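Here the structure is a predicted model, which is why all the values come from computation and not from measurement.
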Amino acid sequence: AAAYETSKTGGPAYEDVGKLARALVTAAPERMLWASNWPHAQAHKFGYPDDAQLMDLLLDWAPSDADRRKILVDNPAFLYGF
C-alpha cells in the first residue's frame with residue numbers, strides 16, 4: 001500500500017517498491033491485497049499520487065490475470081468474509 005510513502009526512488013514507477021512487490025507476488029499471490037491508502041492522508045508530505053497510475057502499476061507488478069484476481073477479488077473476499 002502507498003508506494004509513494006515508502007519509495008526512495010519515487011514515482012511514478014516506484015522502482016524500489018516495485019521490485020519488492022514483484023517478488024512478493026511471485027512468492028505468494030494468495031497472501032496479498034491491493035491497497036492505495038486513499039484518500040492519501042499523508043500525501044501532504046509526499047505529494048498526491050495519481051490513483052490511475054497506481055492501478056496501472058499493478059499490471060506491471062502482478063502481470064498474471066489470475067494473480068490480480070487473487071489480489072483484487074479473492075483474497076479480500078476471504079479476509080473480510082464477503
Side-chain angles (χ1 to χ4, degrees):
Y4 63 91
E5 291 182 4
T6 56
S7 178
K8 302 295 185 218
T9 58
Y14 308 105
E15 291 92 356
D16 53 344
V17 174
K19 184 175 180 179
L20 174 61
R22 281 186 217 89
L24 293 171
V25 169
T26 298
E30 71 284 353
R31 308 229 355 127
M32 300 202 56
L33 302 174
W34 179 260
S36 68
N37 282 11
W38 188 89
H40 312 299
Q42 297 295 314
H44 65 278
K45 295 179 184 177
F46 309 101
Y48 283 88
D50 180 319
D51 291 311
Q53 276 185 327
L54 293 177
M55 285 301 299
D56 285 345
L57 287 174
L58 183 60
L59 297 173
D60 180 46
W61 296 351
S64 159
D65 287 338
D67 287 345
R68 285 195 304 272
R69 178 168 177 83
K70 289 175 189 173
I71 293 166
L72 294 170
V73 179
D74 299 337
N75 300 343
F78 176 78
L79 179 66
Y80 296 111
F82 296 157

Show the numbers, then the answer: is there a side chain to side chain contact (heavy atoms under 4.5 Å, CB included) between T9 and K19? CA-CA 11 Å; T9 58; K19 184 175 180 179; over 6 Å; no
Shared ILVMFWY cluster between L24 and Y4, side chains joined below 4.5 angstrom? yes
Indicate if W38 and M32 have the same hydrophobic cluster label, given that clusters are the connected sets of ILVMFWY residues with side-chain heavy-atom separations under 4.5 angstrom. no
Salt-bridge present (D65, R68; N to O < 4.0 Å): yes
For D60, give me all partners under salt bridge (Lys or Arg N to Asp or Glu O under 4.0 Å), at least two apart in sequence or on another chain. R22
Nearest atoms (heavy-atom pairs only) where P29 meets K70: O-CB, 3.9 Å
By salt bridge (Lys or Arg N to Asp or Glu O under 4.0 Å), which residues pair with R69, not counting sequence neighbours? D74
Would a distance-only check, ignoring hydrogens and angles, find a side-chain to backbone donor-acceptor pair under 3.5 Å from D16 to S7? no
Hey, could you give me the CZ/CG distance between R31 and N75, rounded to the nearest 0.5 Å? 9.5 Å
Count the heavy atoms of every other residue, nucleotide or ligand shown that sit under 6.0 Å from OH of Y80, and state whether that count exceeds 12. no
Check the pair L58, L72 against side chain to side chain contact (heavy atoms under 4.5 Å, CB included), reporting the backbone distance first and the verdict last. CA-CA 10 Å; L58 183 60; L72 294 170; 3.6 Å; yes
Side chain to side chain contact (heavy atoms under 4.5 Å, CB included) for M55 and W34? Distances and angles first, verdict last. CA-CA 9 Å; M55 285 301 299; W34 179 260; 3.2 Å; yes
In short, V17 meets A3 closest at the heavy-atom pair CG1-CB, 3.7 Å
Which value, rounded to the nearest 0.5 Å, describes the distance between L54 atom CG and W61 atom CH2? 7.5 Å
Side chain to side chain contact (heavy atoms under 4.5 Å, CB included) between D51 and H40: does it pass, once the steps are laid out? CA-CA 10 Å; D51 291 311; H40 312 299; 2.6 Å; yes
Exercise: identify the closest heavy-atom pair between D50 and A52: OD1-N, 2.9 Å
What distance do Y14 atom OH and E5 atom CD have between them, rounded to the nearest 0.5 Å? 10.0 Å
